[in-house]
Each structure stands twice: as C-alpha cells, then as structure tokens.
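Down below is the structure, laid out as structure tokens.
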Amino acid sequence: MQEIQAPKGTKDVIPSESHKWHYIEREMRELCALYGASELRTPIIEHTELFARGVGDTTDIVQKEMYTFEDKGGRSITLKPEGTAGMVRAFLENRLFNEPMPQKLYYLNSPTFRYEKPQAGRLREHHQFGIEVVGAYGAETDAEVILLALTLLKKLGVGDLTLHINGIGCGECRKDYNNALREYLSGYIGDMCETCRSRFEKNPMRIIDCKEPGCREIVKNAPRTIDYLCDDCKKHFELVKACLDAAGAKYVVDPDIVRGLDYYTGTVFEIISSRIGAQGTVCGGGRYNGLIEELGGKPTPSMGFGMGMERLLAVMEANGVEFPKPPETTVYFAANGEAPRMKAFALTQELREKGVSAEFDHMDRSFKAQFKYANKLGAKYTVALGDEELELGKVKVKCMADGTEEEISISALAEYFLG
Ligand code: ATP
Ligand code: MG
C-alpha cells in the first residue's frame with residue numbers, strides 16, 4: 001500500500017530536531033520574563049472576518065494565502081495566518097485593557113498557515129514567536145520590542161543579521177503619500193498585475209510590497225513613505241533611532257520596507273540574514289496604532305513583531321550554532337533471567353518516580369545485546385542484574401565514561417544516582 005505523506009509545505013519535527021526547538025523555546029520564555037512579558041495563547045482558528053478587517057483585505061495574506069473553510073455550522077473560519085490579530089482579539093475579549101498598561105504579551109510555537117508556493121524558507125504551516133506591547137505610545141517601546149528580538153538572536157548565537165527600519169507614517173501622512181504614489185503609478189496601471197490594479201484606488205502602498213517581477217520593476221523609483229512623514233511621525237522615528245543608538249544597536253534605514261500587513265503605522269522593521277537564501281527575513285514587526293480600534297476597542301497604540309521559528313533554526317544552523325544536547329538516560333538495567341528482568345522493570349519504575357531517568361530491556365534482547373543498546377542510548381551508567389545480585393541485594397554500577405565499577409546495595413540505588 002502507498003504511504004500517506006504529510007501535506008505539501010508542512011514539516012514534522014523529529015526527535016533529533018525537537019530538542020533544538022526546546023532550547024529556543026526555553027531561551028524565548030526566559031527572555032520574555034526578563035522583559036516583563038507574559039504568554040497569551042489564542043486558538044489556531046478564528047473567524048475569517050478578524051483577518052479581513054485586521055490584516056486587511058488588499059494584502060497578499062488575505063487575498064491569496066489564507067486557509068479558509070466553512071465549518072459545519074456555516075461559519076467562515078480561517079487558520080491563523082499571523083499572530084497579531086488573534087492576540088488583539090483576545091486582549092479585547094478578555095478585557096485585558098482593565099489591567100495595568102502596557103500589557104506585554106507573547107506567544108511562541110504558534111502554528112501559522114499560509115497557502116504559499118512551497119520553497120526553501122516558505123512553508124504552508126510554520127511557527128511563530130512574537131510579542132505585542134499593547135497600550136504604549138512612546139518611541140522607547142518601539143526600540144524595546146526591536147531590542148528584545150536582537151537580544152534573543154544574540155543569545156542564540158546568530159551573528160550575521162541586519163536590522164532594517166523604516167517609517168511608514170500615520171493616517172495623516174499616508175494621505176499625502178498615497179496621492180503622490182497614485183500620481184507616480186498612474187502611468188503604469190496597464191503594466192501592473194491584476195491584484196495591484198485593484199489596489200491602486202483602495203490601498204496603493206500595497207503595490208510597493210508586490211512580489212510580481214513586473215510590479216517590482218514599476219515601483220523601483222516610486223516615492224517612499226519615509227519622505228512623506230508628518231512632523232509627529234518624523235519626530236517619533238528620530239527618537240526610535242536615538243533609542244537604538246543609546247542601546248548600541250546597529251540598523252539601516254530601509255525605505256523599501258512596508259510590511260505585508262495593513263495594520264502597521266509608523267515604525268516598521270525586519271531582521272534579515274544573508275545566510276539562508278532569498279527568504280532571509282527572520283523577524284518582522286512594527287507599530288500598529290489603529291488596529292485595536294479597528295477591531296472594536298478604544299484607540300490603543302501598540303507595537304510587536306513575529307519571528308519565524310523555522311527560519312530562526314535555519315539561521316542558527318547556518319551560523320554553526322551548537323545546540324545543547326538533550327538529556328541522556330542516567331541508568332540502564334541489563335537483566336539476565338526471569339526474576340532479574342522483573343526486578344529491572346520494578347527498579348526502573350522506582351527510579352523514575354524518584355526523578356532519575358532509567359531504562360530496561362523492552363525487546364527480549366540477549367544480556368550482551370542489552371549492553372550494546374545501553375551504549376546506543378548513551379546511558380551514563382549500566383547495572384547488571386542476575387540471580388546472584390538479587391540474592392546478595394547488591395549490584396555493580398558501571399560508569400560508562402571511564403569503565404569504573406562501584407558496588408551499591410539495591411535499596412540505596414536511588415540515593416546514589418540522585419546524589
Ligand atoms: P515574506 O515577505 O517573506 O513573505 P512576510 O512579510 O509574509 O514575509 P511576516 O508576515 O512578517 O512575513 O511573518 C513574520 C515572520 O514569519 C517572517 O519574518 C518569517 O520569519 C516567518 N514566515 C512568514 N511566512 C513564512 C512561511 N511561509 N514559511 C516560514 N516562515 C515564514
Ligand atoms: Mg509572505
């Protein structure tokens with residue numbers, strides 16, 4: 001019979017990989033605690049409307065990439081294509097605005113679904129780590145969120161990254177910018193892709209982010225948001241840069257970054273690696289001062305980012321990062337004979353209950369093969385159990401690293417390994 005394969009663009013995390021995930025998850029949680037952030041978990045599915053309204057119905061994500069279906073009750077449901085909209089929905093629904101502001105909320109390992117053409121660095125299910133600092137307006141918050149991402153990457157041993165920042169302005173500057181952009185683009189409408197033609201009136205800035213080669217060529221010399229910032233936005237952007245300078249963070253101002261989600265206002269940023277090919281953006285984020293109002297809340301300025309965990313792992317590997325080894329089995333009980341086998345089974349359970357990792361033979365292997373297997377497992381100690389050991393109540397504990405043996409009474413084994 002033919003084997004069933006995982007859906008295109010999805011990936012299993014097999015045991016020889018999962019400890020790497022555990023390591024980055026641990027570091028993420030520790031760092032979030034240092035920054036005063038708490039975890040907020042949201043469902044994988046949301047009402048489609050949340051993304052149409054939040055992410056924006058002229059974005060690539062909403063127009064082309066969402067996994068949307070009708071459930072048995074006739075509702076339109078979508079698998080999360082990004083993290084922020086769900087976080088904001090949960091913030092409002094759980095009335096977290098009644099808590100002291102700002103609320104620093106993070107998520108990790110969040111399954112994120114996009115119907116993309118699968119290729120290196122582009123999956124249909126990937127996982128994101130992200131943070132949202134909700135309810136803070138200051139430029140320090142923008143810098144703090146960016147610095148959290150940079151600090152994490154530094155802690156994880158990734159060195160080849162560049163921070164790109166840009167200002168895309170508020171509703172006020174966007175009006176002027178859109179007018180200038182439409183004027184520039186008006187001569188090229190016939191040459192744009194169909195999607196961009198429909199964006200021309202509704203949301204011309206999206207055209208800057210289009211991936212179609214024809215559109216990319218057209219926008220090469222188009223006006224950029226950074227040249228159209230109002231005084232407040234200009235001041236804010238200067239302050240963000242000053243904060244980054246004060247923290248010693250290097251950055252480049254990159255007028256090409258507009259981000260693919262409509263909720264962004266003001267500061268946007270991406271952290272890009274040069275070592276993992278075309279899909280080098282590990283982390284992207286920015287300020288979203290209008291989203292919470294858009295989703296039915298009071299005006300609540302906020303700032304956040306999303307980081308692709310698979311891309312982060314790829315960057316770490318490209319940087320030759322050594323991952324801490326997963327914990328190995330402490331003791332393996334090799335048994336010879338029926339009663340010793342039962343004893344090995346019982347001792348294994350006893351030690352595990354007391355917090356020592358232990359293993360015994362599940363496979364009816366010969367005595368000799370059991371030692372071989374213990375070696376493969378990387379067991380630190382082996383204990384040989386035969387009828388004689390049971391009679392004497394004592395065993396020899398062999399240290400696998402140096403071959404030394406020590407005689408220990410069976411009743412004192414747990415203490416020995418815990419000590
Ligand atoms: P791109 O321009 O590469 O399509 P994006 O703007 O769609 O990126 P974001 O929405 O900013 O990406 O997502 C945040 C992060 O999630 C990205 O920086 C990246 O690390 C990761 N990511 C996004 N899409 C994918 C994907 N299809 N597969 C793997 N990781 C992804
Ligand atoms: Mg994308």
Side-chain angles (χ1 to χ4, degrees), residues 6-11 13 21 24 28 51 54-56 58-67 78-87 106-132 145-146 148-150 152-153 156 158 160-166 168 195 205-213 215-216 219 254 256-264 267-288 291 303-318:
K8 226 177 169 178
T10 66
K11 248 170 126 177
V13 179
W21 286 73
I24 63 172
M28 284 166 177
F51 304 112
V55 176
T58 54
T59 60
D60 270 359
I61 293 182
V62 172
Q63 286 188 316
K64 303 176 184 168
E65 298 174 356
M66 292 204 306
Y67 275 89
T78 293
L79 302 180
K80 227 170 0 189
E82 59 88 57
T84 304
M87 294 290 274
Y106 78 88
Y107 53 91
L108 59 74
N109 257 348
S110 175
T112 307
F113 300 87
R114 295 186 187 178
Y115 197 79
E116 310 221 48
K117 208 168 103 201
Q119 52 190 292
R122 261 190 212 293
L123 294 157
R124 287 185 173 169
E125 183 199 32
H126 71 279
H127 296 79
Q128 287 195 10
F129 161 62
I131 183 157
E132 316 293 347
V145 165
I146 295 173
L148 188 151
L150 291 177
L152 175 72
L153 294 162
L156 293 176
V158 183
D160 71 309
L161 300 165
T162 318
L163 165 63
H164 295 239
I165 60 171
N166 190 24
I168 60 170
T195 318
M205 196 178 83
R206 281 276 68 84
I207 300 169
I208 301 282
D209 201 37
C210 183
K211 307 274 193 294
E212 295 291 329
C215 299
R216 291 181 90 136
V219 301
D254 181 348
D256 289 350
I257 289 184
V258 293
R259 312 277 304 122
L261 306 102
D262 274 351
Y263 47 68
Y264 288 117
T267 316
V268 289
F269 75 99
E270 290 189 0
I271 301 175
I272 303 174
S273 160
S274 54
R275 293 205 191 147
I276 53 166
Q279 266 55 256
T281 306
V282 182
C283 177
R287 185 162 267 293
Y288 50 95
L291 176 61
M303 170 87 192
F305 70 67
M307 185 182 288
M309 297 186 58
E310 285 84 355
R311 283 198 201 167
L312 170 62
L313 280 164
V315 172
M316 288 173 73
E317 263 154 21

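Here the structure is a predicted model, which means the values were calculated and not measured. Counting starts at 1 for both ligands and their atoms, in listed order.
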Y67 atom OH, neighbour heavy-atom count above 12 within 6.0 Å: yes
Greater than 12 external heavy atoms within 6.0 Å of K11's NZ: no
Check: T84/Y263 side-chain N/O donor and acceptor closer than 3.5 Å: yes
Going by the atom numbers of ligand 1, which of them fall below 4.0 Å from some non-hydrogen atom of [X]?
{"X": "C283", "answer": "18 (O)"}
{"X": "L123", "answer": "26 (C), 27 (N), 28 (N), 29 (C)"}
{"X": "R259", "answer": "6 (O), 9 (P), 11 (O)"}
{"X": "V282", "answer": "18 (O), 20 (O)"}

Starting from [atom], what is the nearest protein heavy atom, named by residue and atom, and what distance separates them?
{"atom": "atom 27 (N) of ligand 1", "value": "E116 OE2, 2.6 Å"}
{"atom": "atom 22 (N) of ligand 1", "value": "H126 NE2, 3.3 Å"}
{"atom": "atom 16 (O) of ligand 1", "value": "Q128 NE2, 3.1 Å"}
{"atom": "atom 12 (O) of ligand 1", "value": "R114 NH1, 3.5 Å"}
{"atom": "atom 2 (O) of ligand 1", "value": "K211 NZ, 3.3 Å"}
{"atom": "atom 18 (O) of ligand 1", "value": "T281 O, 3.2 Å"}
{"atom": "atom 3 (O) of ligand 1", "value": "R122 NH2, 3.2 Å"}

Residue pair R114, E82: steps toward the salt bridge (charged side-chain N to carboxylate O under 4.0 Å, His left out) verdict: CA-CA 9 Å; R114 295 186 187 178; E82 59 88 57; over 6 Å; no
Intermediate values then yes/no, side chain to side chain contact (heavy atoms under 4.5 Å, CB included), H127 and W21: CA-CA 11 Å; H127 296 79; W21 286 73; 4.0 Å; yes
Option set G121, P118, G308, criterion heavy-atom distance to atom 29 (C) of ligand 1, minimum: G121
CA sep, side-chain torsions, deciding dist, call: M309, I24, side chain to side chain contact (heavy atoms under 4.5 Å, CB included): CA-CA 9 Å; M309 297 186 58; I24 63 172; 3.9 Å; yes
pair V55-M66: side-chain heavy atoms closer than 4.5 Å: no
Backbone N/O of S274 and side chain of D160: donor-acceptor pair under 3.5 Å: yes
D60, portion touching ligand 1 at heavy-atom distance under 4.0 Å: neither
Region of Q119 engaging ligand 1 - heavy atom pairs below 4.0 Å: neither
Non-hydrogen protein atom less than 4.0 angstrom from atom 8 (O) of ligand 1: no
Trace of the side chain to side chain contact (heavy atoms under 4.5 Å, CB included) decision for E270 with D254: CA-CA 9 Å; E270 290 189 0; D254 181 348; over 6 Å; no
Working for side chain to side chain contact (heavy atoms under 4.5 Å, CB included), residues R275 and V315: CA-CA 7 Å; R275 293 205 191 147; V315 172; over 6 Å; no
Any N/O pair L261/ligand 1 closer than 3.5 Å: no
4.0 Å heavy-atom contact, E310 with ligand 1: no
Pair D262-R206, salt bridge (charged side-chain N to carboxylate O under 4.0 Å, His left out): steps then yes or no: CA-CA 8 Å; D262 274 351; R206 281 276 68 84; 2.4 Å; yes
